[in-house]
Amino acid sequence: MMAEEKNTKVAVPELGKTAEERPKWDNKVQYLLTCIGFAVGLGNVWRFPYLCQTYGGGAFLIPYIIALIFEGIPLLHMELAIGQRLRQGSIGVWNSISPFLGGVGIGSLIVSFLVGLFYNTILAWVLWYFFHSFQDPLPWRDCPLNQNKTGYIEECAKSTPVNYFWYRVTLNITPNIIDSGDLQWWMVICLASAWGIVYICFIRGIETIGKAVYVTATFPYLVLTIFLIRALTLPGATEGLVYLFTPKVEVLKDPKVWLDAATQIFFSLSLAFGGLIAFSSYNPQKNNCERDAVIVGVVNSATSIYASIPIFAILGFKATSNYNDCLDGNILSITNAFNIGDQNVTRENYDSWLNHLNTTHSQEIEDLHLKHCSIQEFLDQSASGTGLAFIVFTEAVIKMPGSQVWAVLFFVMLFSLGLSSMFGNLEGILTPLLDLHLVPKWLPKEAFTGLICLIAFSLALIFTMGSGNYWLEIFNSYVGSLPLLIIAFFEIISVVYIYGIGRFNDDIEWMTGRRPNLYWQATWRVISPLMLLIVFLAYIVVQVQQPATYEAWNPNYINFPMTETLDYPGWVFAICVLLSSVPCIFIPIVALYRFIQWIMRRVHQSQNRSPCENHAYEPELQ
Amino acid sequence: MLAKVLLALSLVPALALALCQPDGQDAYNVRLSIKTALGANAYEWSESEQFLFRATLAFAMRQYTGQETFNVSSVIVCDETPRVSFWFVVTNPSNTATLIPKNTVEAAIRLSRNRINSAFLLSDKTLQFLGIPPTLAPPSQPSLPVWLIVFGVVMGLVTVGILALIISGFIERKKKEKTIEDEDEEEKQERIMENDISCQTLEGKNGVNNGAYTHDEDRLTQL
C-alpha cells in the first residue's frame, strides 16, 4: 500500500519509517543510579580498603581526594557532557568530533568487550559461592576426608580448608599456565547462569537496565549497612578499624602512593570504557551534567570509604580470632607438657606463666616450639581482589554465628555490585554498534543483545579451564589498565583541543544554563591531561621494572602452601603485550586510514576539476 | 602365717604399682580437660571420678572381649597429675600379674568410645587417650548436592524471565505493526516527518507568511 504522492515538493520517506527515536531514561533517578552502579563495583569493596591499609590508613585519603578533585571529577564531567551533547555512543562521538579520532571509540569498544569477558567470570565465581552458602556447615569450613577415611586430604591439611575450597574445589587450578586442564563443567554452568542473569537485565538495552538498577545499585548499600552494624559488635572489630585508619603520614613521601591513588580513582570511576558516554547519550540535552558528574564522583568515593569500615572491622575480628587460636594452641602445649591444671593458664596470664617457665624450664619450653603469636602479623595478612572475597572473608564468615546468612548476604552484594558494572561494559559495546547502524533492521534488539551475550559467553569459556584464573589475572592486569589511560588521554585532548574548549563551554552553557567556572577550565585544559600523562608514564616505568611473573598454586611445590612464582612463557607474554596494545593500536590505524582516504579524495578532486563547475550549487536531481 | 598373708597383701599394691608404669609397653596415657569442656559446670576430679573411670574402662573391656570377668580392680591407675592426666593398665582377670596387650585395649576403647565420653560429659578432644586418634566424623553426603538445587532454582527463574521478556517484546512489536497498518492516509501523512516538520503542515500551507516582507499596499500611492 504505497502512499499516493500528491506532489513531489518534499521527499516522503518510506512507509513505516519514522524518525528514529532514541531510547531514553524513564526518569533522572534511573540515569543517576545506573551511572553510580557502573562506577561503584567490586573494586570499591576489595581494592580500596586494601590500598588504604597498605598505604598508611587515614593518610591515604589525602592523595585519594586530591586525585578525585583534579583528575576524577573533571574527566567524568567531560565524558557525561560530550555524550549528552552529541547523543551518540563512544564511536559516534569521536567520529563526530573528528573522523581521524574514530579509533578512540573503537578502542573503548574493544576494552569494554574484553573487560566484560573476565568481569562476568568473577561474577560466575561469586554465584558458585552463593549457591554453596546454603549448606550447613559451610563447605569451606572443614577439610574433606581422604580415600580410606583415616585423615584429611593432604593438600587441604597442608594449607587451609578455605584455600582448598577455592583453589581445588572451585577452580581446580593447574600448577602452571601452560597446563590448561579441561573445562570444569561446574564453572561452565555457573558462567552460563551469570550470563543468563546479565542477559535478562540487558535484553532491551537501557529499557530493562533502567529497571534493574533500582535493585542492583541500592541493594549493596543495604547489605553494607547490615554488615557495618554486625561487624562493629564483633570482638576485635576495633583493632581492625584502628589498624585501617591510623594515619602514617610518612608514607606520603613514597611516589608510589600517589600513583596508586590516581590509578585507583581513574579505574574506580570506570572512565574511558565508553559506558558513561553511552548512558549520558540517552539523556535529554537540557540536563545538568555538571551536577551529575559531581554527584557520581562523590558517591563513588564515599562508597569506597563506607565499604572499608565493615570490611576492616570483620578483618580485625578474623585477626583476633586467629590470634586467640594461636594463643590457645600454645596454652594447650604448655598445659600438656607441664601437666598444669586445665584452664589455669589463660590468655590473660599466658605471658606471666611463659616468663616463669622460661626461667625454670627453658629447655623444655624451647623443645615445645611454641608459635609466635602477634596480632599485628595477623592484621598484616591482608589481601585484595579475589583473595579478599574468597579466602579471607569466607574464613571470617565461618567464625561468625549464623554463617550461612552472612555468606549469602555477602555474595549477593558482590553479585549486584558486579552486575551493575557489567551493564556499563555492555552498553559501551551495544550503543556504538547501534549508532553505526551495523545492526540489520530485521534483527530485533533482543536477538542482538542475546548474540553479544552468547559470543561473550563462548569466549569466556577460556576462564573456566584449569588455568583460567591465571588467564584472568593477565586480562585484569593488561587490558584493564594501560589502554584505558591512553584512551582517556586522547579523549580529553580531543575534547579540549580538537573539538575546542570554547565550543565545549558553549555547549555546556546551553545544556546546563551555566558556563563552566575556573575550576573546570583549569582542570580540563591543563591539570587533568598533565596528571594523566604523568600517571601513564609512571605506570609504564613501574610495569617495566616488575618482572613478568605470576603466582601459581602448586601442591607439589617444596614450600607449599606458599604460592610458586613462575615466569610467563614467551608466547603468553606476547599475548599480554597484544592485549595491551590492540585497543590502542586502532587510534593510529583509523587516523592513518582516514588520512589516506582524504589524500585519495584530494587527488581525485584535483584530477577531475572543471573550472566552470561550481560544486557549491549542485542542482537537485529530478 | 599371718605374717605371710600380710606380706602378700602389702605386695599386691606394690605389684600393682609395678605393673602400671608411665610409658609402659601396655600402658595408656589419659588426659582430661574438664574445665575446657564444661566451663562453669565443671566437676572436680576426685577419687570417685577415678572410680567411675576404672569402672567404665572395665565395661569397655567386657563389651569388647565378651568376658564378664573384668572388674574395677582390673584397671590400675598411676601417675596422676593436677592437669588431670594419668596412666592406666588393664590386668588380665584370670592372671592378675599379666597385662592385656595394647591393641586389645585400644580396640575396646574404640568400640565404646562414645559411652566412655558420655559418662564424663566430655568429647574425643577433651577426653584424650594419647595414641588413639579421635574418630573422624564421616562426611555427610546428601543425595543431591544442595548447590545444584539452588542453581536449578536460579536458572529456572532466569529462563522464565528471558522467555517472558522475549515474548512480551514480540507481542508489542506485532501490536505496533498492526497499528501502523491500520492507520489511514490522514494519520500516516501526519506521522511522516521531514526535517522534524510534519509533511502535512508543509503541504497544507502555501508557504509561511514572513511578516517582515509584507507590503503595506496602502502606504504607497497607487499609480
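Throughout, protein chains are lettered first and strands after them, A, B, ... in sequence-line order, and every chain is numbered starting at 1.
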> Is chain B contacted by the side chain of A:I340, its backbone, both, or neither, given a heavy-atom distance below 4.5 Å?
Replying inline: backbone
> Relative to chain A, which segment of B:V84 carries a heavy atom at a distance below 4.5 Å: side chain, backbone, both, or neither?
Replying inline: neither
> Under a 4.5 Å heavy-atom cut-off, does chain B meet the side chain of A:Y199, its backbone, both or neither?
Replying inline: side chain
> Using non-hydrogen atoms only, which part of A:F130 is less than 4.5 Å away from chain B: side chain, backbone, both, or neither?
Replying inline: side chain
> Which bit of A:D142 comes within less than 4.5 Å of chain B, counting heavy atoms only: side chain, backbone, both or neither?
Replying inline: neither
>> Enumerate the salt bridge (charged side-chain N to carboxylate O under 4.0 Å, His left out) contacts for residues 162-176 of chain B, please, sequence neighbours excluded, ordered by first and then second residue.
In response: A:E446-B:R173
> Between A:F131 and B:F151, what is the ring plane arrangement, given parallel below 30°, perpendicular above 60°, and tilted in between?
Replying inline: perpendicular
>> Quick one, A:W140 with A:Y129, criterion ring pair (Phe, Tyr, Trp, His ring centres under 6.0 Å). Give me CA distance, side-chain angles, the key distance, then yes/no.
In response: CA-CA 10 Å; A:W140 53 84; A:Y129 270 81; 5.3 Å; yes
> Would you call the rings of B:F129 and B:F88 parallel, tilted or perpendicular if under 30° counts as parallel and over 60° as perpendicular?
Replying inline: perpendicular
>> Parallel, tilted or perpendicular: which one describes the rings of A:W125 and A:W166, with boundaries at 30° and 60°?
In response: perpendicular
> Which region of B:S33, side chain (C-beta onward) or backbone (N, CA, C, O), has a non-hydrogen atom less than 4.5 Å from a non-hydrogen atom of chain A, or is it both or neither?
Replying inline: both
> Who are the disulfide (SG to SG under 2.5 Å) partners of A:C453, not counting sequence neighbours?
Replying inline: none
>> Please rank A:T335, A:I197, A:L332, A:N339 by heavy-atom pairs under 4.5 Å with chain B and give me the top one.
In response: A:N339
> Contact part of A:L127 toward chain B, heavy-atom cut-off under 4.5 Å: side chain, backbone, both or neither?
Replying inline: neither
